[in-house]
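Right, one structure below, let's go through it.
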Amino acid sequence: MAETADHIADLVGDVKLAIITDQTVERLHGPKLSDALSRAGLAHTVRAVAPGEPSKSVACASELWDWLADSGIGRYDVILAHGGGVINDLGGWVASAFIRQLRYVNLPTTVLAQVDAAMGGKVAVNHATAKNLIGAFYQPYGVVANVAQLATLANRDLRAGVAEAVKKAIIASPAYWRFLNEHAEDILALDLDVLEQLVRYAAAIKTELVERDPYERDLRRPLNYGHTIGHPLETVAGYGVVNHGEAVAFGMVVETRIAANRGLLEEPVLDMLIELLRRLGLPVDQDTLPVRIDPYRLLEATAPVELIRGGSRRFPLPRKLGVIEIVDDVVDDEIYVALRECGCKGGGPGDASMARNAAAR
Ligand SMILES: NC(=O)c1ccc[n+]([C@@H]2O[C@H](COP(=O)([O-])OP(=O)(O)OC[C@H]3O[C@@H](n4cnc5c(N)ncnc54)[C@H](O)[C@@H]3O)[C@@H](O)[C@H]2O)c1
């Protein structure tokens, strides 16, 4: 942890840190971090919120602003978001609005956050209508990842995090795909050398996409692969019931089925994807999801995605490894058919558009 604290001190200089974390991360890693930061000469104060997706809320952000206002944190101080994707998204959003933007540094502690959420500057909290509805684009001042912190992750969270790495391999890198296939079991066994490569690879892919398109106008859109279905799935299941990586895994399968049914696939991406996700213990159909999904409700919940993405659900669909096509004419029945192929039951083709029209009214 000493090296981590030194990196943070080099980044931020002589400031006070306001550490936003969750209670699990604080219990497991807080004392060591605090000790190392003190040795590195950094004054700090800590606030730990409840762990999990429900903390990505306006209410929680508001409590954190109250705490910051009472903590003597000033314009040149820095927020350190120490935790998983929830804490990085929440901490970044809190920083984006406090004293008209405070600098923040992410210290991600889950695989998901180290390979994805900590980078890119999409910060947000959830709303009952949709995931990440209240948010901003606000880049972190820096990201410091220490893979040793991943050793305490629960097995379910470890597996879920790898889903975002699989996503990156499919959208951008056949070489990363080969790496994941070669090392799936080493990753689950928490081999630190392999985890370090996993994170470095992902960081390179994500920063390249984000640098070319920081505000998601175009080139960065492939990063939404798996999320057009995954985010609504999280919303209808109730935030925290299906965790984000699991929802993305299932979303990638549904979206790849849509691509297959359209005849877009130039390689057997669907079979390859399902095989790897199964090895990683991630959901690929209704039987492997932790909740039953009503296809109608899931379809209804895709409506806000159209608003967020400027009038279309805009599906990034794979053609082959590393090649994505952005498609904006996917109709409800195609989604419905793909959901049925995944074993999600209810109604029949044709009923889906009726359900969505009813929702629009
Ligand atoms: N901003 C982005 O670009 C982006 C990208 C992907 C995902 N996300 C967001 O990330 C969130 C999901 O992130 P997540 O899966 O990391 O969830 P999370 O932050 O809720 O962490 C999962 C669980 O792991 C625990 N935990 C964290 N670090 C730990 C450690 N080292 N040891 C033991 N337990 C630990 C947490 O307390 C929590 O219970 C979602 O809200 C998603 O929308 C954002």
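What's counted below: heavy atoms across the whole structure, side chains too, no hydrogens, waters or symmetry copies. Indexing begins at 1, ligand by ligand and atom by atom, following the structure's order. Treat the numbers as computed from the prediction; the structure is a model and nothing was measured.
- Heavy atoms from other residues, nucleotides or ligands lying under 6.0 Å from CD of E325 number more than 12.
- Comparing Q114, H227, H29, K131 by heavy-atom distance to atom 43 (O) of ligand 1, the nearest is K131.
- Ion pairing of K16 with D77 is absent here, as no side-chain N (NZ or NE/NH1/NH2) approaches a carboxylate O to less than 4.0 Å.
- Of all protein heavy atoms, the one lying nearest to atom 6 (C) of ligand 1 is E164 OE2, 3.4 Å.
- A117 CB, 3.6 Å is the protein heavy atom nearest to atom 8 (N) of ligand 1.
- Ion pairing of R47 with E63 is absent here, as no side-chain N (NZ or NE/NH1/NH2) approaches a carboxylate O to less than 4.0 Å.
- Y104 and Y141 have their aromatic ring centers separated by at least 6.0 angstrom.
- The shortest N or O to N or O distance between T109 and ligand 1 is under 3.5 Å.
- Surrounding CZ of R39 are at most 12 heavy atoms belonging to other residues, nucleotides or ligands under 6.0 Å away.
- Considering backbone and side-chain atoms together, Q149 places an N or O closer than 3.5 Å to an N or O of ligand 1.
- Of the listed options T152, L150, V123, T152 places a heavy atom closest to atom 33 (C) of ligand 1.
- Any N or O atom pair closer than 3.5 Å counts here, and E234 shares no such pair with ligand 1.
- Of the candidates D157, N224, V125, the one placing a heavy atom closest to atom 22 (C) of ligand 1 is D157.
- Proximity to P51 (heavy-atom distance under 4.0 Å) selects the following atoms of ligand 1: 37 (O), 39 (O).
- The closest protein non-hydrogen atom to atom 9 (C) of ligand 1 is D89 OD2, 3.4 Å.
- Under 4.0 Å is where a charged nitrogen must lie from a carboxylate oxygen, and between K167 and D116 at least one such pair does.
- Look at R278 and D285 and you find a salt bridge, because one of the NZ, NE, NH1 or NH2 atoms lies within 4.0 Å of a carboxylate O, short of that distance.
- The N/O atoms of E53, backbone and side chain alike, include one that comes under 3.5 Å of an N/O atom in ligand 1.
- Classification of R257 and E334 as a salt-bridged pair fails, no side-chain N sitting under 4.0 Å from a carboxylate O.
- Neither the backbone nor the side chain of N243 has any atom closer than 4.0 Å to an atom of ligand 1 (non-hydrogen atoms only).
- Contact detail for V254 and A338: the closest heavy-atom pair is O-CB, 3.7 Å.
- What sits closest to atom 16 (O) of ligand 1 on the protein, heavy atoms only, is T110 OG1, 2.6 Å.
- Judged by distance alone, the side chain of T152 and the main-chain N or O of Q149 form a donor-acceptor pair under 3.5 Å.
- At a 3.5 angstrom cut-off on N or O pairs, V25 does not count as close to ligand 1.
- Only side-chain heavy atoms of K206 come within less than 4.0 Å of ligand 1; its backbone N, CA, C and O stay farther off.
- Taking a cutoff of 4.0 Å between a charged side-chain nitrogen and a carboxylate oxygen, E185 and R279 qualify as a salt bridge.
- With a 6.0 Å radius and a threshold of 12 heavy atoms from other residues, nucleotides or ligands, R297 has its CZ atom at or below the threshold.
- Contact atoms of ligand 1 toward L28: 32 (N), 33 (C) (distance under 4.0 Å to a heavy atom of the residue).
- With A151, G240, G85, G84 as candidates, the residue nearest to atom 10 (O) of ligand 1 on a non-hydrogen basis is G85.
- By heavy-atom distance, the residue among L153, T24, D22 lying nearest atom 36 (C) of ligand 1 is D22.
- Counting heavy atoms closer than 4.0 Å to ligand 1, residue V86 contributes atoms from both its backbone and its side chain.
- Within the listing of ligand 1, atoms 1 (N), 2 (C) sit less than 4.0 angstrom from a heavy atom of K122.
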